[in-house]
Student: 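Questions regarding the structure given below will be posed in turn.
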2 protein chains.
Amino acid sequence: MLAPQRQAAILDRVRAAGGVRVSDLAAEFGVSDMTIRRDLEALADRGLLAKVHGGATSVQPGSTDEPGFAAKSIRQRSEKAAIAVRAAQLVTPGTAVALSAGTTTAELAQRLVDVPELTVVTNSIPVADVFYRAGRPDQTVVLTGGVRTPSDALVGPVAVAAIRSLHLDVLFLGVHGMSERAGFTTPNLMEADTNRALIAAAERLVVLADHTKWGTVGISSIAELSEAHVVVSDAALPPPARATLTEHVEELVIVP
Amino acid sequence: MLAPQRQAAILDRVRAAGGVRVSDLAAEFGVSDMTIRRDLEALADRGLLAKVHGGATSVQPGSTDEPGFAAKSIRQRSEKAAIAVRAAQLVTPGTAVALSAGTTTAELAQRLVDVPELTVVTNSIPVADVFYRAGRPDQTVVLTGGVRTPSDALVGPVAVAAIRSLHLDVLFLGVHGMSERAGFTTPNLMEADTNRALIAAAERLVVLADHTKWGTVGISSIAELSEAHVVVSDAALPPPARATLTEHVEELVIVP
DNA sequence: GCGGTAGTGTTCAAATCTGTTCACTTGCGT
DNA sequence: ACGCAAGTGAACAGATTTGAACACTACCGC
């Protein structure tokens with residue numbers, strides 16, 4: 001077995017089990033402890049796991065801040081952050097806003113903890129956590145109920161029923177794909193249901209989608225392009241996409 | 001198991017149950033008391049929990065509580081654990097159970113992750129977390145929505161509405177106080193509403209209450225004593241309390 | 001108050017893990 | 001053929017973790 005293969009396998013083990021032991025890996029791959037240690041050191045240098053006495057553990061997300069998720073997505077994250085900053089400007093103090101589940105909306109949540117008198121409705125546990133940790137007494141956070149998906153969203157009939165009983169001023173929706181034909185889409189059927197309920201409960205719809213989302217089509221449609229009032233995206237969005245979006249939505253906001 | 005993994009697991013337990021005992025953890029992880037103490041010390045140094053005589057508690061309540069309260073709650077933990085073990089025996093695989101918020105129900109949750117085909121409804125984020133981390137595909141966990149209280153319970157109209165749409169076989173209810181006159185009580189008005197909704201949605205009501213709860217009266221009544229089908233308590237419950245409870249409820253279960 | 005029980009921290013030894021150094025093999029290009 | 005760089009294994013000294021013993025302390029019931 002080649003070293004890069006072995007390291008990839010180690011990484012899988014760490015991700016799956018949460019932690020590995022040097023001695024176990026050495027026995028399993030039939031190499032010496034030293035070799036495993038060197039593998040772990042290489043992986044730790046790339047920020048893919050954390051070396052500890054006796055082995056290694058997966059890097060725990062959220063413990064400190066955002067320890068390098070993967071080198072390649074750094075740039076995309078800064079675009080998401082920029083989109084979140086711009087979207088935060090669309091929020092008026094004292095209103096009721098909804099945030100769907102997703103990394104971009106989680107980023108937006110961080111920017112909204114300073115908005116006074118805000119009422120926030122979300123089906124994302126991480127998003128609710130952001131506001132809860134801030135602990136502002138003038139803000140109200142409502143978590144919709146439901147069944148938890150692997151991406152920490154709450155979905156299903158309970159979530160939909162909870163959302164139906166509420167009326168929001170504006171929904172910030174993170175999507176997985178958008179195209180002229182399919183509109184806004186997600187790969188998760190249950191999440192699509194929940195998101196449609198959120199759209200129905202909100203006066204206005206703001207979609208947050210970086211340029212990589214254009215042309216991607218998830219299995220399940222959430223809404224037509226024309227249902228969005230505002231789409232916030234980044235400068236790398238190609239001109240044809242801009243033209244199509246401008247045609248369908250009230251306002252297309254591009255962040256630098 | 002690696003030391004950092006063990007410490008992370010300890011932290012989870014503390015957050016879920018509000019407190020842990022050294023001896024319990026030592027038995028659970030198969031290490032010596034000293035090792036657990038050193039883990040707790042390391043975590044306490046990082047401000048992640050508070051060490052007390054006999055174990056550790058979540059760092060939250062340290063600011064307002066009089067000294068001694070935390071230690072006392074730790075000492076009662078083994079009683080709560082025994083109550084949880086006994087209550088777990090009342091659960092039939094394949095049924096739909098509800099768990100209210102509270103440290104005792106969190107303890108019970110740990111005992112229920114091994115029950116096959118279980119559907120769990122709860123308004124407690126820590127309880128939902130316990131099942132979510134176990135990640136059993138045959139179990140369904142439904143989190144009711146609502147506004148988050150300082151004790152990580154979800155309450156309010158959204159929670160009540162979500163619960164009303166569901167029908168459960170049995171509810172395990174943790175209470176803060178019980179007495180003949182006031183029945184089962186809690187100090188939190190909003191939680192009382194949610195708990196009443198849970199009672200209405202469930203066929204049977206099992207109340208979990210260690211002996212210290214007898215004679216305590218919270219501001220808000222949840223239910224009459226006679227509304228409970230089963231009460232599970234511990235051996236330190238005084239004879240007069242036993243007599244009164246036996247008179248009102250179908251079954252009084254005392255754990256040794 | 002006072003004794004008994006349970007919990008705590010210190011100290012020490014054993015076990016285990018770690019990184020460094022050096023030797024060896026293998027594949028590659030000059 | 002030769003050098004050489006990368007990868008690996010072995011040995012060893014030093015560091016870390018763990019468990020047990022023991023003297024000390026805190027808490028509870030009486």
Side-chain angles (χ1 to χ4, degrees), chain A residues 1-11 13-14 17-46 48-57, chain B residues 1-11 13-14 17-46 49-57 61-62 65-82 210-215 234-241 256:
Chain A
M1 176 180 264
L2 274 50
Q5 281 181 300
R6 193 178 53 235
Q7 292 180 9
I10 290 173
L11 207 50
R13 295 301 237 59
V14 171
V20 290
R21 188 166 276 276
V22 170
S23 49
D24 291 349
L25 291 173
E28 183 175 338
F29 294 117
V31 297
S32 75
D33 290 9
M34 250 344 280
T35 302
I36 297 296
R37 281 202 202 93
R38 284 189 268 249
D39 286 340
L40 294 182
E41 191 177 3
L43 293 166
D45 279 350
R46 287 154 62 193
L48 300 172
L49 51 74
K51 260 179 45 148
V52 300
H53 194 93
T57 62
Chain B
M1 176 178 261
L2 299 157
Q5 278 184 299
R6 192 178 55 234
Q7 293 179 8
I10 290 172
L11 209 50
R13 296 294 297 272
V14 171
V20 291
R21 304 188 98 244
V22 170
S23 49
D24 290 349
L25 292 173
E28 183 175 337
F29 294 119
V31 297
S32 75
D33 290 9
M34 255 336 287
T35 302
I36 297 296
R37 283 204 200 92
R38 285 190 267 246
D39 285 340
L40 294 182
E41 191 178 2
L43 293 167
D45 278 350
R46 287 157 61 192
L49 51 73
K51 266 181 38 156
V52 298
H53 195 88
T57 61
D65 286 326
E66 75 274 23
F69 174 82
K72 199 161 70 179
S73 81
I74 287 302
R75 206 151 288 108
Q76 285 157 18
R77 183 138 314 283
S78 59
E79 289 160 3
K80 286 184 181 175
D210 62 74
H211 72 274
T212 65
K213 304 296 164 58
W214 183 258
D234 61 275
L237 191 70

Student: From C/dG19, C/dG7, D/dG19, pick the nucleotide closest to the side chain of B/R37?
Tutor: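 Taking heavy atoms from C-beta onward, the closest nucleotide is C/dG7.
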
Student: To the nearest 0.5 Å, what is the distance between CE on A/M34 and CD1 on A/I36?
Tutor: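 So the gap between those two atoms works out to 10.5 Å.
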
Student: Just how far, in rounded Å, is P of C/dA6 from NE2 of B/H53?
Tutor: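 Atom NE2 in B/H53 sits about 11 Å away from atom P in C/dA6.
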
Student: So among A/D33, A/T35, A/V14, A/V20, which one has a side-chain contact (heavy atoms from CB on, under 4.5 Å) with A/L25?
Tutor: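 The side-chain contact (heavy atoms from CB on, under 4.5 Å) with A/L25 is passed solely by A/V20 among A/D33, A/T35, A/V14, A/V20.
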
Student: Tell me, yes or no, whether the heavy-atom count around B/R21 atom CZ, taken from other residues, nucleotides or ligands under 6.0 Å, exceeds 12.
Tutor: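 Count over threshold, so yes.
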
Student: Take atom CZ of B/R21 and atom P of D/dC27, then tell me their distance rounded to the nearest Å.
Tutor: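 Rounded to the whole Å, the gap is 14 Å.
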
Student: Please report the distance, rounded to the nearest Å, between CD in B/E79 and P in D/dC28.
Tutor: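 Taking CD of B/E79 and P of D/dC28, I get 12 Å after rounding.
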
Student: Grab the CG-P distance between B/L2 and D/dT17 for me, whole Å please.
Tutor: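 In whole Å, D/dT17 P and B/L2 CG are 12 Å from each other.
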
Student: In terms of side-chain heavy atoms of A/K51, which of D/dG19, C/dG19, C/dC17 is nearest?
Tutor: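 Among D/dG19, C/dG19, C/dC17, the one nearest the side chain of A/K51 is C/dG19.
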
Student: Rounded to the nearest angstrom, tell me the gap between atom CD in A/E41 and atom P in C/dG19.
Tutor: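 It is 6 Å, rounded to the nearest whole Å.
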
Student: Expressed as a whole number of angstroms, how long is the span from A/Q5:CD to D/dT8:P?
Tutor: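 Value for this atom pair: 11 Å.
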
Student: The side chain of A/S23 is closest to which nucleotide in this list: D/dA20, C/dC17, C/dG7?
Tutor: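 Of the candidates, C/dC17 comes closest.
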
Student: Just how far, in rounded Å, is P of C/dT21 from CE of A/M34?
Tutor: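 So the two atoms are 12 Å apart, to the nearest Å.
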
Student: Side chain of B/A3 only, heavy atoms from C-beta on: which candidate in C/dG9, D/dA10, D/dT18 is closest?
Tutor: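 Nucleotide nearest to B/A3's side chain: D/dT18.
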
Student: Once you round it to whole Å, what is the distance between P of C/dG9 and CG of B/D39?
Tutor: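 Between P of C/dG9 and CG of B/D39: 13 Å.
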
Student: Got a salt bridge between A/D39 and A/R6, using NZ or NE/NH1/NH2 to carboxylate O under 4.0 Å?
Tutor: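 Looking at A/D39 and A/R6, the cut-off is met.
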
Student: Check if the side chain of A/R38 and the base of D/dG9 share a donor-acceptor pair of N or O atoms closer than 3.5 Å.
Tutor: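 Yes.
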
Student: What's the closest nucleotide to the A/T35 side chain, out of D/dT17, D/dT18, D/dT8?
Tutor: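 It is D/dT8.
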
Student: Looking at B/H211, is its backbone amide N or carbonyl O close enough to the side chain of B/D234 to form a donor-acceptor pair, meaning the two atoms are under 3.5 Å apart?
Tutor: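 The answer is yes, because a donor-acceptor pair under 3.5 Å joins these two groups.
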
